[in-house]
Amino acid sequence: MAERLHTPVRSVSFTDDLTVPTLSASTPSERWTPRRVVLLTVGAVLILRLTYLSVPLFPDEAGYSLVAQSWRAGGPNLYGHYFVDRPPLLMGLYRLAYLAGGEESIRLLASGFAVLLVLAAAWAAHETVGRRGIGWAVVVAGALVTTPLLGAQEADGEIFAAPLVMLSVAAILAAVRRRGGPAFGLAVLAGLSGSAAVLVKQNFLDTAVFAAVLLVVSLWQRELTPRAAARLVAGGLTGAAVMAVSALLFVAWSRTGLPTAWSAVFGFRRSALQVITDYSLRAPMIRARDLLRFGALAGLVPLLVLLALEVPRRRLRGSPVAWAVGATLVFECASIAVGGSYWAHYLIQLAPMLALAAGAWAPGTDLLRMACATVVVSALAATAVLPINKPTPHDRQVVGDWLHRIARPGDTATVLFGNADVQASTGMRSPYPHLWTLPMRTLDPRLAHLRAVLAGRRAPTWVVAWAGLNPWHMDPAGHTRRTLVARYRPVAELCGHRIYLRLGVSRHVELPSGSPRC
């Protein structure tokens, strides 16, 4: 008995016909061959992302860079001295960029991953509907990994995890269309890449959802035999197991223990969400509103809405790929919603499925083509405006660079309550392990650890009080202020931020001449 009832997966479309006519040879659009579109899109992505190289590091980038620079085994946290709630592969990428040298390295690495997403989108579209879907898939993918409206200029976890998801999805689609050894090998690649995405950002379980729905619906619609499906599952699990073993080997090398590693990467998120919900939800709701606004301006929300409207109109009739794309988009939206923080770059998680949807259905639907074109035009417009509105050196750079200039070798500094980009620009190590506010609020809710550091033998040479000394009403009794008064003296106020020097330490403190451009 043949292993497959139909060799290719049925062409995906919301139409009953499930086919989209190809262009005739005489059509002018034939000049835009898939290969040309892919090459032009890759070139545009690289050129547009080059404009981000000179932009100062964002707080997340700066914090990850600091963790990567001080990474060592045997520290109190998973990566050594500093605490970060991110899986090891993301930190490994930052370590690689640090060894390559320069802040630009991480942005260049992110650009390489953006190109990977474009190429993988072309592969996935080709496996789904053939050559006619490649153009729409790659231009949407390219737009979503370049637009500053989604924070694509920041080398955060999403810009690295989304391409791995896209590669995994393409490999799954290719595996479903093939038999024997090639299908198994492609399934292994899908498992490797999909699991790697989770080791970059822990909520990127998109591949597991896509693969599960695709195989179940394919079996239900008799597109796959149980034997072929079992082979694909075995391949995917093999790839995932390789990544799981690699993660366990890293935990063993770090000497922190599996409970500590699990708590840092997964358990912390549950505790952090509780902290967010227990405090005022005003800031997260403002960010959620901004997230929807940026998603609408980027054309992402209209594209999602048009796809959603097709489901009831077709009464849930659809190919296995249509079901898989729809289920994965629902999962991704839920994943973004339950995160609680609602930063704009979270929306990049939707890029692989929207690129695949564009490639699968835009060739036959005018409204979807218009929505895809809106995504592309919006990305080009936003990227063109960014260099024009590039800010002058802001207070974070001014304060950090000034401290870097006057510090002596061996000096340390702590920037109170987050602001990892300021900490990085000082060029000094912080004895306090928390570079972000959420870990501080979760793991040091009464600031007892901070006060112990300020009063201890390894107290920082410099302290920067970026804002008030009672953030989120964590220290209403003023214990932190009293510790500062007892151990430090204010020596400067720059851009409205007070800078303290430890008592008993002498440094030549000279403020910048003129008025600094804060």
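This one's a predicted model, so the numbers in the text were calculated from it and none came from an experiment.
- Here side-chain hydrogen bond (donor to acceptor under 3.5 Å, both in side chains) pairs that include residues 108-119, with residues two or more places apart or in two chains, are Arg49-Ser111.
- Interatomic distance, Trp123 CH2 to Leu116 CG, rounded to the nearest 0.5 Å: 10.5 Å.
- Arg487 places no side-chain N or O within donor-acceptor distance of the main-chain N or O of Arg482, the cut-off being under 3.5 Å.
- Applying the salt bridge (charged side-chain N to carboxylate O under 4.0 Å, His left out) test to residues at least two apart or on different chains, the pairs with a partner in residues 285-303 are Asp290-Arg293.
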Distance-only criterion, 3.5 Å: show the donor-acceptor pairs between side-chain atoms of residues 409-421 and protein atoms not counting sequence neighbours.
from   : atom 1 : to     : atom 2 : distance (Å)
Asp411 : OD1    : Arg507 : NH2    : 2.6
Asp411 : OD2    : Arg408 : N      : 3.0
Asp411 : OD2    : Trp462 : NE1    : 3.2
Asp411 : OD2    : Arg507 : NE     : 3.0
Thr412 : OG1    : Thr461 : N      : 3.1
Thr414 : OG1    : Ser430 : OG     : 3.0
Asn419 : OD1    : Arg396 : NH1    : 2.8
Asn419 : OD1    : Arg396 : NH2    : 3.2
Asn419 : ND2    : Phe417 : O      : 3.3
Asp421 : OD1    : Arg396 : NH1    : 3.0

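- Counting all heavy atoms, side chain and backbone alike, Met166 lies closest to Ala355 at SD-CB, 4.5 Å.
- Annotation: salt bridge (charged side-chain N to carboxylate O under 4.0 Å, His left out) contacts involving residues 140-156, sequence neighbours excluded, are absent.
- Between Ser378 and Leu297, the shortest heavy-atom contact is OG-O, 2.5 Å.
- Annotation: side chain to side chain donor-acceptor pair (under 3.5 Å) contacts of Tyr432 (sequence neighbours excluded): Asp444.
- When every heavy atom of Arg269 is checked against every heavy atom of Arg86, the shortest pair comes out as NH1-NH1, 3.9 Å.
- Here the closest non-hydrogen pair linking Val145 and Ala114 is CG2-CB, 3.8 Å.
- With sequence neighbours left out, the ring-ring contact (aromatic ring centres under 6.0 Å, His included) criterion links His497 to Trp466.
- Ser335 has its side chain within reach of Gln349: a pair of non-hydrogen atoms, C-beta onward, lies under 4.5 Å apart.
- Sorted by first and then second residue, the pairs that involve residues 254-274 and meet ring pair (Phe, Tyr, Trp, His ring centres under 6.0 Å), not counting sequence neighbours, are Phe83-Phe268, Trp262-Phe266.
- Using a 4.5 Å heavy-atom threshold, the side chains of Leu307 and Leu354 count as touching.
- Here the OH-CG distance, from Tyr346 to Leu291, works out to 9.5 Å after rounding to the nearest 0.5 Å.
- The two atoms that bring Val491 and Leu501 nearest to each other are CG1-CB, 3.7 Å, heavy atoms only.
- Distance CD1/Ile499 to CD/Glu493: 9.0 Å, rounded to 0.5 Å.
- The side-chain contact (heavy atoms from CB on, under 4.5 Å) test with Phe113 is passed by exactly one of Leu167, Ile159, Leu93: Leu93.
- Not a single donor-acceptor pair under 3.5 Å links the side chain of Thr147 to the backbone N or O of Ala143.
- Between Leu350 and Leu144, the closest side-chain pair of non-hydrogen atoms is not below 4.5 Å.
- Smallest separation of non-hydrogen atoms from Ala272 and Thr442: CA-OG1, 3.6 Å.
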Show me the donor-acceptor pairs within less than 3.5 Å that the side chains of residues 448-459 make with the rest of the protein, sequence neighbours left out.
from   : atom 1 : to     : atom 2 : distance (Å)
Arg451 : NH1    : Arg446 : O      : 2.9
Arg451 : NH2    : Arg446 : O      : 3.1

Check: residues 188-202 side-chain donor-acceptor pairs under 3.5 Å, at least two apart:
from   : atom 1 : to     : atom 2 : distance (Å)
Ser193 : OG     : Leu164 : O      : 2.5
Ser195 : OG     : Gly191 : O      : 2.8
Lys201 : NZ     : Glu158 : OE2    : 3.0
Lys201 : NZ     : Asn203 : OD1    : 3.4
Gln202 : NE2    : Asp85  : O      : 3.1
Gln202 : NE2    : Val265 : O      : 2.6

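- The ring pair (Phe, Tyr, Trp, His ring centres under 6.0 Å) test with Trp71 is passed by exactly one of Tyr79, Tyr98, Tyr82: Tyr79.
- The number of heavy atoms from other shown groups lying within 6.0 Å of CZ (Arg498) does not exceed 12.
- Between the side chains of His81 and Arg429, a donor-acceptor pair is found at a separation under 3.5 Å.
- Looking only at distances, a side-chain donor or acceptor of Gln423 sits under 3.5 Å from a matching main-chain atom of Met428.
- Residues meeting the side chain to side chain contact (heavy atoms under 4.5 Å, CB included) test with Gln274, sequence neighbours left out: Thr277, Asp278.
- In this structure a side-chain-to-backbone donor-acceptor pair under 3.5 Å is present from Ser105 to Gly101.
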Determine, step by step, whether Phe294 and His345 satisfy the side chain to side chain contact (heavy atoms under 4.5 Å, CB included) criterion, reporting the C-alpha distance in whole Å, the side-chain angles of both residues, the deciding distance to 0.1 Å, and the verdict. CA-CA 10 Å; Phe294 290 136; His345 54 80; over 6 Å; no
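- Sequence neighbours left out, the pairs with a member in residues 247-261 that pass side-chain hydrogen bond (donor to acceptor under 3.5 Å, both in side chains) are Ser254-Thr256.
- Considering CD1 of Ile348 and CZ of Phe204, their distance stands at 8.0 Å, rounded to 0.5 Å.
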What do the steps show when you test Ser425 against Asp401 for side-chain hydrogen bond (donor to acceptor under 3.5 Å, both in side chains), and what is the final call? CA-CA 6 Å; Ser425 61; Asp401 291 346; 4.7 Å; no
Quick one, Thr328 with Val165, criterion side chain to side chain contact (heavy atoms under 4.5 Å, CB included). Give me CA distance, side-chain angles, the key distance, then yes/no. CA-CA 11 Å; Thr328 308; Val165 168; over 6 Å; no
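- Between the OH atom in Tyr94 and the CG atom in Leu90 there is a gap of 6.5 Å [rounded to 0.5 Å].
- Aromatic rings of Trp436 and Tyr64 (six-membered ring for Trp) have centroids within the 6.0 Å cut-off, being under it.
- Identified under the salt bridge (charged side-chain N to carboxylate O under 4.0 Å, His left out) test for residues 336-358, with sequence neighbours left out: none.
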Steps toward side chain to side chain contact (heavy atoms under 4.5 Å, CB included) verdict (Tyr488, Leu503): CA-CA 5 Å; Tyr488 291 83; Leu503 293 176; 5.5 Å; no
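- Environment of CZ in Arg270: sparse, with no more than 12 heavy atoms of neighbouring residues, nucleotides or ligands closer than 6.0 Å.
- Checking side-chain atoms of Tyr500 against main-chain N and O of Ala492 turns up no donor-acceptor pair under 3.5 Å.
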Derivation and outcome, side chain to side chain contact (heavy atoms under 4.5 Å, CB included), residues Leu57 and Arg107: CA-CA 9 Å; Leu57 290 181; Arg107 297 272 174 80; 4.1 Å; yes
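- Here the straight-line distance linking atom CH2 of Trp402 with atom CZ of Arg405 works out to 9.0 Å at 0.5 Å rounding.
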